[in-house]
Amino acid sequence: MRVLVVSEDPDFFRSSSWVAQQLGGEILGIHPSESRYVDKVFVPKLEGAWELPLAEFASTLKPDVVIAGGTKRDRTFAFSLAGKLRSSVASDVIDAKLEGSSLMVRRPVYSGVGIATLRLKLPAVITVQKNTMEPNLLKGEVERVDLPRSVITLKERKTAQQSVSLDKAKIIVSVGRGMGSKDNVKYAEELARLLNGAVGGSRPVTAEMGWLPEDRQIGLSGNKVRPQLYIALGISGQPQHIAGIRDSKVIVAVNKDKNAPISENCDYLVVGDAIEFCKVMIGRLSK
Amino acid sequence: MSVVACFKVVPDDTSVRVIGGKVETNVPVKISTYDKNAIEEAVRVKEKLGWKAIGVTVGNTDRKSIRDALSMGLDEVVAISAGYLDVAGTAMALAETIRGISPKLVIMAETTTDSSTSALPPYLAQILGYSLVSYVRSLSIQDSSITAERSVGDVEVVEAPLPAVVSVTGEINTPRTPSVKQIMESAKKPVKQINFSSQPLAELVEVQPFVTTRKKVIIEKPMNEAVDQLINYLKGEGVL
């Protein structure tokens, strides 16, 4: 049994390694820096469009199970590898265990309304969600590798500039159409500043209306977040949005419509105008 | 020259909910949200370059959804009927049909709203032997290559050779609402029916409700009082 752990991201590499250690067997890793979470780590330079060349390299290791992180580049790598291996797949896996010659996994479906249990034939390629577990330290033998050339040319990379990263923020203030206008987003920004939090938005206000940069989108096709406190301002709460905030500890919604879908998915619903809420809240916090 | 748009007919996720301890998926169906962006992008390629735009759908071949896709401007649709298919099976079904079409470009959504695995585009690209660009938010086509902006946390501009599989995000365009005339005309467009079945590598054992119990406390009073009450609650929760 050979398990391969792969991620470009340190948190995801740790999370994936922990899942791998629960399965047992020989654990190999691929990560841009050295790590003792695995028996042996292959360290490539992740440059240019590296996902497909890395899949090519990983296929030569002949893994039975591949556990990858969940960044978009991790997924592109993992499922290209899966296509090469003609393997079974699952993404966003919460837990995994071996049962005979199958891998049993659980993962959310239908925008997070359900949890599916799947029985995967080996070889299997899965991506996992982040966890907070600390894996054991293993040998961590290091081998540097050169990747084959990609047919895809990377022309430019604009690194996302996030003031406070949505990924790590303890408090997120998030805006939807109900804020009324782009100009009004400043109230949410001021509130977030006072709470030392980050600002995000629903798909309409990020991808469609441009009130906030697209990398601030929260939901199924944007960022999935898990803050301590999520404040949804004027967000109706479509399933695609809920899918991105489900793991938040406490969800507060401010909405004029107390029957909006968000009311079913929040801990506290303040019925009223989001701007007025911001102004009063800012007043309280500035004291 | 042709471009293929892949789409999936799924239970409307705004209607899927937990009823009596079960996830009720026997609800009206629709084209998966971001698949409409894929169709729109294929139709734009057709309008700009004069390529033929062909839709391919696998699984539920609901007539109304297929008409919706044709109304948006696809020239024809290949509807592959199948029962439960996993990603590998779906990729095989698509690959068989797409090889027959031999398009320059295959456009699909980065994820569907039912299983949201995000695995199909890379998997399919490998089986077809096409190049892959995932999470594309803007696309331009040259003679033998494409230039695309990818939304992967960072924004990457990449160039890839054709033929290619491209997965798109919701940001790439706003899907059009067809006119009455287009809806009428869609009835005359060809729909080819095929059947497909395969043994899944990933067997669906069960789907259980995912219950995150939220408190659902409604605070409806003048804003000054509402905010005070909320602050008290949040201090009690230890998050403020």
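In what follows, every heavy atom counts, from backbone to side chain, and hydrogens, waters and symmetry copies are set aside. Nothing here was measured: the structure is a model prediction, and the numbers come from that model. Throughout, protein chains are lettered first and strands after them, A, B, ... in sequence-line order, and every chain is numbered starting at 1.
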TODO: Tell me yes or no: between the side chains of B/S134 and A/T76, is some donor less than 3.5 Å from an acceptor?
DONE: yes
Task: Main-chain N/O of B/G170 paired to A/R203 side chain as donor or acceptor, under 3.5 Å - done: yes
Task: Side chain / backbone / both / neither for A/D92 at chain B, heavy atoms under 4.5 Å - done: side chain
Open item on the list: Given heavy-atom pairs under 4.5 angstrom as the criterion, report whether the side chain, backbone, both or neither of B/T169 touches chain A.
Closed with: neither
TODO: Supply the atom-to-atom distance A/Q240 CD to B/D13 CG, rounded to the nearest 0.5 angstrom.
DONE: 4.5 Å
TODO: Find the one option among B/A88, B/S116, B/A160 whose heavy-atom pairs under 4.5 Å with chain A are most numerous.
DONE: B/S116
Open item on the list: Return the CD to OG distance between B/E203 and A/S88, rounded to the nearest 0.5 Å.
Closed with: 11.5 Å
TODO: Find the one option among B/K215, B/R17, B/R137 whose heavy-atom pairs under 4.5 Å with chain A are most numerous.
DONE: B/K215
- [ ] Kindly check if the number of other-residue, nucleotide or ligand heavy atoms within 6.0 Å of NZ (B/K36) is above 12?
- [x] no
Open item on the list: To the nearest 0.5 Å, what is the distance between CG on A/L118 and OG on B/S115?
Closed with: 9.0 Å
Task: Top contributor to chain A contacts, counting heavy-atom pairs under 4.5 Å, from B/V10, B/T112, B/T113, B/T111 - done: B/T113
Task: Proximal component of A/Q238, with respect to chain B [non-hydrogen, under 4.5 Å] - done: side chain
Open item on the list: With a strict 4.5 Å heavy-atom criterion, list every residue of residues 27-35 of chain B that contacts chain A, or say none.
Closed with: B/K30, B/T33, B/Y34
Open item on the list: Using 0.5 Å steps for rounding, measure from the CD1 atom of A/I171 to the CG atom of B/L240.
Closed with: 6.0 Å
- [ ] Measure the spacing between OH of A/Y268 and CD1 of B/I219 and express it to the nearest 0.5 Å.
- [x] 7.5 Å
Task: Winner by heavy-atom pair count (cut-off under 4.5 Å) against chain B, out of A/M104, A/K121, A/R157 - done: A/R157
Task: Exceeds 12 heavy-atom contacts within 6.0 angstrom, atom CD of B/Q199 - done: no
Task: Heavy-atom contact with chain A under 4.5 Å, split by part of B/I172 - done: neither
Task: Residue selection (most heavy-atom pairs with chain A, distance under 4.5 Å) from B/M92, B/Q126, B/E220 - done: B/Q126
- [ ] Sort B/V227 into side chain, backbone, both or neither according to what part of it lies under 4.5 angstrom from a heavy atom of chain A.
- [x] side chain
TODO: Just give me the residue among A/M281, A/K170, A/R86 that pairs up with chain B most often, heavy atom to heavy atom, under 4.5 Å.
DONE: A/R86
Open item on the list: For chain B, which candidate among A/V151, A/T71, A/L122 shows the most heavy-atom pairs at distances under 4.5 Å?
Closed with: A/V151
Open item on the list: Return the CG to CZ distance between A/D267 and B/R214, rounded to the nearest 0.5 Å.
Closed with: 5.0 Å
- [ ] State whether A/E51 and B/R150 are salt-bridged, where the test is any N-O pair (Lys NZ or Arg NE/NH1/NH2 against Asp/Glu carboxylate O) under 4.0 Å.
- [x] yes
TODO: Can you tell which part of B/N224 gets under 4.5 Å to a heavy atom of chain A, answering side chain, backbone, both or neither?
DONE: both
Open item on the list: Does any backbone or side-chain atom of B/V158 lie under 4.5 Å from a heavy atom of chain A? Answer side chain, backbone, both or neither.
Closed with: both
Task: Engaged part of A/S263 at the chain B interface, taking heavy atoms whose separation is under 4.5 Å - done: backbone
Task: Which of A/C266, A/A207, A/A116, A/S111 touches chain B most, by non-hydrogen pairs under 4.5 Å - done: A/C266
Open item on the list: Check this for me: does any side-chain nitrogen of one of A/R73 and B/D154 sit under 4.0 Å from a carboxylate oxygen of the other?
Closed with: yes
Open item on the list: Heavy-atom pairs under 4.5 Å with chain B - which of A/I115, A/V125, A/V271 has more of them than the others?
Closed with: A/I115
- [ ] Sort B/L230 into side chain, backbone, both or neither according to what part of it lies under 4.5 angstrom from a heavy atom of chain A.
- [x] side chain
Open item on the list: Under 4.5 Å from any heavy atom of chain B, what part of A/L52 do you find: side chain, backbone, both or neither?
Closed with: side chain
TODO: Decide yes or no for B/M223 and A/V270: does some side-chain heavy atom of the first lie under 4.5 Å from some side-chain heavy atom of the second?
DONE: yes
TODO: Inspect the surroundings of NZ in A/K258 and state if more than 12 heavy atoms from other residues, nucleotides or ligands are less than 6.0 Å away.
DONE: no
Task: Max heavy-atom pair count under 4.5 Å with chain A, selected residue of B/A109, B/S131, B/A202 - done: B/A202
TODO: Sort out for me which of A/L81, A/V109, A/V113 touches chain B most, counting heavy-atom pairs under 4.5 Å.
DONE: A/V113
- [ ] Using non-hydrogen atoms and a 4.5 Å limit, figure out which bit of B/P200 sits close to chain A: side chain, backbone, both or neither.
- [x] backbone
TODO: Would you sort out whether A/R284 and B/D228 count as a side chain to side chain contact (heavy atoms under 4.5 Å, CB included), showing the intermediate values?
DONE: CA-CA 8 Å; A/R284 292 287 189 282; B/D228 285 338; 2.5 Å; yes
Task: Engaged part of B/L124 at the chain A interface, taking heavy atoms whose separation is under 4.5 Å - done: neither
- [ ] With a 4.5 angstrom heavy-atom cut-off, could you sort out which part of B/T147 is near chain A: side chain, backbone, both or neither?
- [x] neither
- [ ] Please assess A/E264 against B/K216 for the test side chain to side chain contact (heavy atoms under 4.5 Å, CB included), listing each intermediate value before the final yes or no.
- [x] CA-CA 7 Å; A/E264 287 295 310; B/K216 301 182 201 171; 3.3 Å; yes
Task: Interface moiety of B/A119 toward chain A, non-hydrogen atoms closer than 4.5 Å - done: both
- [ ] Identify which part of B/E149 has an atom lying under 4.5 Å from any heavy atom of chain A, answering side chain, backbone, both or neither.
- [x] side chain
Task: Which atoms of A/R107 approach chain B - backbone, side chain, both or neither, heavy atom under 4.5 Å - done: side chain
TODO: Please check if the distance between the ring centroids of B/Y123 and A/F79 is under 6.0 Å.
DONE: no
Open item on the list: Do B/L234 and A/L229 make a side-chain contact, defined as non-hydrogen atoms from C-beta onward lying under 4.5 Å apart?
Closed with: yes
Open item on the list: If we define contacts as heavy-atom pairs under 4.5 Å, which of B/I127, B/D86, B/V18, B/V23 has the most with chain A?
Closed with: B/I127
Pairs of donor and acceptor atoms involving the side chains of residues 242-257 of chain A, under 3.5 Å and at least two apart or interchain, shall be tabulated with distances.
unit_1 : atom_1 : unit_2 : atom_2 : d
A/R246 : NE     : A/G112 : O      : 3.3
A/R246 : NH1    : A/G112 : O      : 3.2
A/R246 : NH1    : B/T212 : OG1    : 3.3
A/S248 : OG     : A/I245 : O      : 2.7
A/K249 : NZ     : B/E237 : O      : 3.1
A/N255 : OD1    : A/D257 : N      : 3.1
A/N255 : ND2    : A/I235 : O      : 3.2
A/D257 : OD1    : A/N259 : N      : 2.8

Task: Residue part contacting chain A, namely of B/L120, when any heavy atom lies under 4.5 Å - done: neither
TODO: Test A/R75 against B/Y135 for side chain to side chain contact (heavy atoms under 4.5 Å, CB included), laying out the working first.
DONE: CA-CA 11 Å; A/R75 285 164 188 260; B/Y135 303 101; 3.2 Å; yes
